[in-house]
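Numbers here simply count residues along the sequence, with the first being 1. Keep in mind that this is a model prediction, so the values were computed, not measured. Indexing begins at 1, ligand by ligand and atom by atom, following the structure's order.
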Amino acid sequence: MERYKLIKEVGDGTFGSVWRAINKLTGEVVAVKKMKRRYYSWEECMNLREVKSLRRMNHPYIVKLKEVIRENDILYFIFEYMECNLYQLMKDRVKLFLETEIRNWCYQIFQGLAYMHQRGYFHRDLKPENLLVTKEIIKIADFGLARELCSQPPYTEYVSTRWYRAPEVLLQSSLYDSAVDMWAMGAIMAELFTLHPLFPGSNEADEIHKICSVIGSPDHGTWAEGLLLADAMSYKFPQVPCANLSELIPSASENAVNLIKSLCTWDPTKRPKAAEVLQHPFFQASYYVPPSLRPRVPNTPPSVGSKGSVEQKSARRYSTGALSNNKPASNVLRAKINCSLKSGVQRKLSMDQQEAEKSGKLKNSLKHPRYQPPARKNQVGNIIISKSMQRIPPDEASSVGVPRSFSFSNTMRRSSSKASASASASDDEVAVAEKLAKLSVGSGSASGGARPPPPPPSLKAGGWHSHTDFLTRSYEVPSARRYSRKVVG
Ligand SMILES: Nc1ncnc2c1ncn2[C@@H]1O[C@H](COP(=O)(O)OP(=O)(O)OP(=O)(O)O)[C@@H](O)[C@H]1O
């Protein structure tokens with residue numbers, strides 16, 4: 001570790017603290033994740049999911065693990081450095097993001113996910129904190145929970161942060177797959193549009209209630225398997241009418257709303273795969289190539305950082321012929337959003353609770369009987385076990401010897417994919433903002449190796465229904481509490 005100079009702590013997760021650091025030899029800025037528990041052998045380190053999965057991945061939209069160092073029984077991961085995470089970008093944000101910005105981010109993430117899923121992995125803990133941003137580039141990070149699709153179910157342990165947790169996981173299915181990542185992406189996409197979490201459940205029961213109130217309670221037609229799962233744990237879904245998602249996400253285009261609907265579908269088998277999502281009409285409206293990835297030609301518009309107030313600039317920057325569907329929020333609506341932004345404690349409380357869940361200290365809720373109506377109590381769910389207890393048995397050669405550090409080259413080993421899955425200024429919008437507020441029930445630089453993503457697929461591609469017929473249900477209003485939290489799961 002003497003090669004690295006730690007500069008500043010930039011994140012404190014459940015399992016490690018993350019530091020911005022400099023490689024003294026090369027001057028390269030990196031992120032050093034110092035794991036909290038001790039590791040007494042290399043074998044133990046090499047069997048960590050984060051290592052096992054990340055060392056197989058080499059993609060411009062997946063954060064690159066450069067090196068692993070074990071020193072004095074302390075394990076350090078050296079990652080490429082990213083400026084901030086998506087949650088940090090959203091939390092103090094007043095102006096809504098432009099749809100073009102959201103489209104650009106999502107297209108990158110879905111490319112990363114398609115790559116990962118095709119190679120037989122799914123992430124299982126996608127959330128804004130695990131999506132790292134440097135200028136216009138976004139990358140998937142934190143593979144501590146990543147799972148091989150071909151690994152043997154049942155998957156009994158804890159998976160994913162509650163607000164982004166798929167219903168099959170909430171209902172303790174042991175057969176979930178990469179569709180859990182697609183659910184999380186639907187929730188994240190919606191949050192990018194509204195700057196509010198879509199399903200901010202205060203406990204697992206409340207989480208399901210929130211989901212029902214947005215997408216409507218499931219029935220035999222929409223998710224027969226889910227009813228069985230619920231039966232198996234003597235759980236009864238609340239009978240809640242669905243909401244109109246377009247009203248909940250007024251700044252989103254019809255295509256964006258349709259995509260979110262399809263991702264947040266009860267039945268995991270009906271959610272689109274990441275590769276299919278890339279063909280969705282939402283991504284046909286335009287394709288934005290970040291300035292940093294454009295060929296260097298004179299008159300290229302200057303790059304604008306993604307952290308600042310970039311909305312107006314963004315409109316000019318995105319010169320690819322795109323029609324922005326974004327409807328900027330009115331001052332009144334913005335004031336309301338700000339107001340809810342300031343009610344920040346909710347997310348922190350809730351996320352702290354989730355952190356407690358993750359540590360395995362708190363148990364229960366759904367397993368024991370009846371659904372409790374939109375819980376205002378700080379009840380905590382039961383699925384959780386500590387990630388630190390999830391070390392999987394050695395299943396591959398850990399013939400790593402006993403190096404003091406381990407660097408990864410582009411070891412892209414393909415494993416067969418057994419993926420069975422494996423606000424505008426109108427009165428209406430003000431009303432929507434009010435509705436949202438009332439319905440708060442519960443509660444460095446981009447990788448040098450980055451290459452430009454492929455151009456958008458043709459409009460004909462994919463089996464997407466156009467516009468509204470993709471899902472015909474209507475949707476209700478989610479909670480609108482604004483949040484603040486430290487960067488933990
Ligand atoms: N490569 C990186 N570059 C810059 N910041 C990073 C990097 N990796 C992680 N971080 C920051 O540190 C935070 C925590 O990192 P990470 O999620 O890997 O830790 P963790 O202990 O696994 O967290 P969690 O509690 O989510 O499981 C991230 O949300 C991010 O803000």
Side-chain angles (χ1 to χ4, degrees), residues 4 6-23 28-37 39 48-51 53-54 57 59-68 74-92 112 123-135 137-147 157-165 184 188 306-307 347-348 350-360 384-391 408 444-450 483-489:
Y4 294 97
L6 301 189
I7 309 286
K8 186 176 179 243
E9 191 177 28
V10 293
D12 184 19
T14 316
F15 303 101
S17 56
V18 180
W19 290 72
R20 186 164 162 262
I22 289 188
N23 181 328
E28 185 187 16
V29 176
V30 295
V32 173
K33 183 169 176 177
K34 181 181 174 196
M35 299 302 275
K36 290 181 176 167
R37 59 153 285 204
Y39 291 84
L48 281 175
R49 287 220 174 90
E50 198 154 10
V51 179
S53 46
L54 265 175
M57 277 175 243
H59 190 272
Y61 305 129
I62 295 177
V63 76
K64 186 82 195 138
L65 176 59
K66 294 165 160 293
E67 197 178 352
V68 178
I74 298 175
L75 186 62
Y76 302 88
F77 292 125
I78 314 295
F79 289 105
E80 66 176 304
Y81 182 77
M82 301 292 289
E83 281 171 4
C84 62
N85 68 48
L86 202 51
Y87 166 69
Q88 291 166 328
L89 273 189
M90 288 192 288
K91 78 177 159 59
D92 297 321
H123 188 285
R124 302 204 301 174
D125 195 18
L126 283 179
K127 58 183 172 183
E129 289 90 332
N130 287 341
L131 297 171
L132 305 186
V133 180
T134 291
K135 300 199 163 51
I137 305 293
I138 192 162
K139 303 195 183 205
I140 304 166
D142 191 3
F143 281 66
L145 278 172
R147 205 13 131 166
E157 72 260 44
Y158 160 77
V159 164
S160 73
T161 303
R162 191 196 311 122
W163 295 353
Y164 309 94
R165 197 181 298 164
I188 292 169
S306 51
K307 275 186 184 168
R347 182 161 175 125
K348 165 120 183 69
S350 202
M351 298 308 284
D352 285 351
Q353 196 178 50
Q354 293 186 35
E355 193 182 3
E357 287 179 356
K358 268 183 147 181
S359 71
I384 316 313
I385 66 164
S386 161
K387 264 205 270 187
S388 58
M389 293 159 59
Q390 294 173 26
R391 305 302 168 214
F408 298 112
S445 62
S447 157
Y483 44 82
S484 72
R485 61 177 164 182
K486 67 178 182 145
V487 184
V488 294

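The shortest heavy-atom contact between Lys33 and Val18 is CG-CG2, 4.0 Å.
The cationic atom of Arg37 (NZ for Lys, CZ for Arg) lies less than 6.0 Å from the six-membered ring centre of Tyr39 and within 45° of the ring axis.
Short contacts between ligand 1 and Asn130, defined as distances under 4.0 Å to a heavy atom of the residue, involve ligand atoms 17 (O), 26 (O). Heavy-atom contacts of Gly16 reach the following atoms of ligand 1: 21 (O) (cutoff under 4.0 Å). Which parts of ligand 1 touch Gly11 is read off a 4.0 Å heavy-atom cut-off, strictly below it: atoms 12 (O), 13 (C). Close contacts of ligand 1 with Phe79, meaning ligand atoms under 4.0 Å from a residue heavy atom, involve 1 (N). Those atoms of ligand 1 with a heavy atom of Ala31 less than 4.0 angstrom away are 1 (N), 2 (C), 3 (N). When each atom of ligand 1 is checked for a heavy atom of Tyr81 under 4.0 Å away, the hits are 3 (N), 4 (C).
Both the backbone and the side chain of Phe15 come within 4.0 Å of ligand 1, judged by heavy-atom distances.
Close N/O approach between Val63 and ligand 1 is not found [any backbone or side-chain N/O within under 3.5 Å]. At a 3.5 angstrom cut-off on N or O pairs, Met82 counts as close to ligand 1. Residue Asp142 has at least one nitrogen or oxygen atom sitting less than 3.5 Å from a nitrogen or oxygen atom of ligand 1, judged on distance alone.
Residue Lys127 places a heavy atom under 4.0 Å from ligand 1. Using 4.0 Å as the threshold, Ala141 has no heavy atom nearer than that to any atom of ligand 1.
A donor atom on one side chain and an acceptor atom on the other are found under 3.5 Å apart for Tyr4 and Glu67.
Applying the side chain to side chain donor-acceptor pair (under 3.5 Å) rule to Tyr76 yields no partners; only residues at least two apart in sequence or on another chain are considered.
For atom 20 (P) of ligand 1, the nearest non-hydrogen atom from the set Lys33, Glu80, Lys64 comes from Lys33. Residue nearest to atom 8 (N) of ligand 1, selected from Ile78, Leu132, Leu65, Thr134: Leu132 (by heavy-atom distance).
In terms of modelled atom types and a separation under 3.5 Å, the side chain of Asp125 and the main chain of Asp142 share no donor-acceptor contact. For His59 (side chain) and Lys64 (main-chain N/O), no donor-acceptor pair under 3.5 Å exists by modelled atom type.
The pair Asp12-Lys36 meets the salt-bridge criterion, since a charged nitrogen lies less than 4.0 angstrom from a carboxylate oxygen. Lys139 has a carboxylate O that lies under 4.0 Å from a charged side-chain N of Glu80, or vice versa, which qualifies the two as a salt bridge.
Annotation: side chain of Leu132 is not in contact with side chain of Ile137 (no heavy-atom distance under 4.5 Å).
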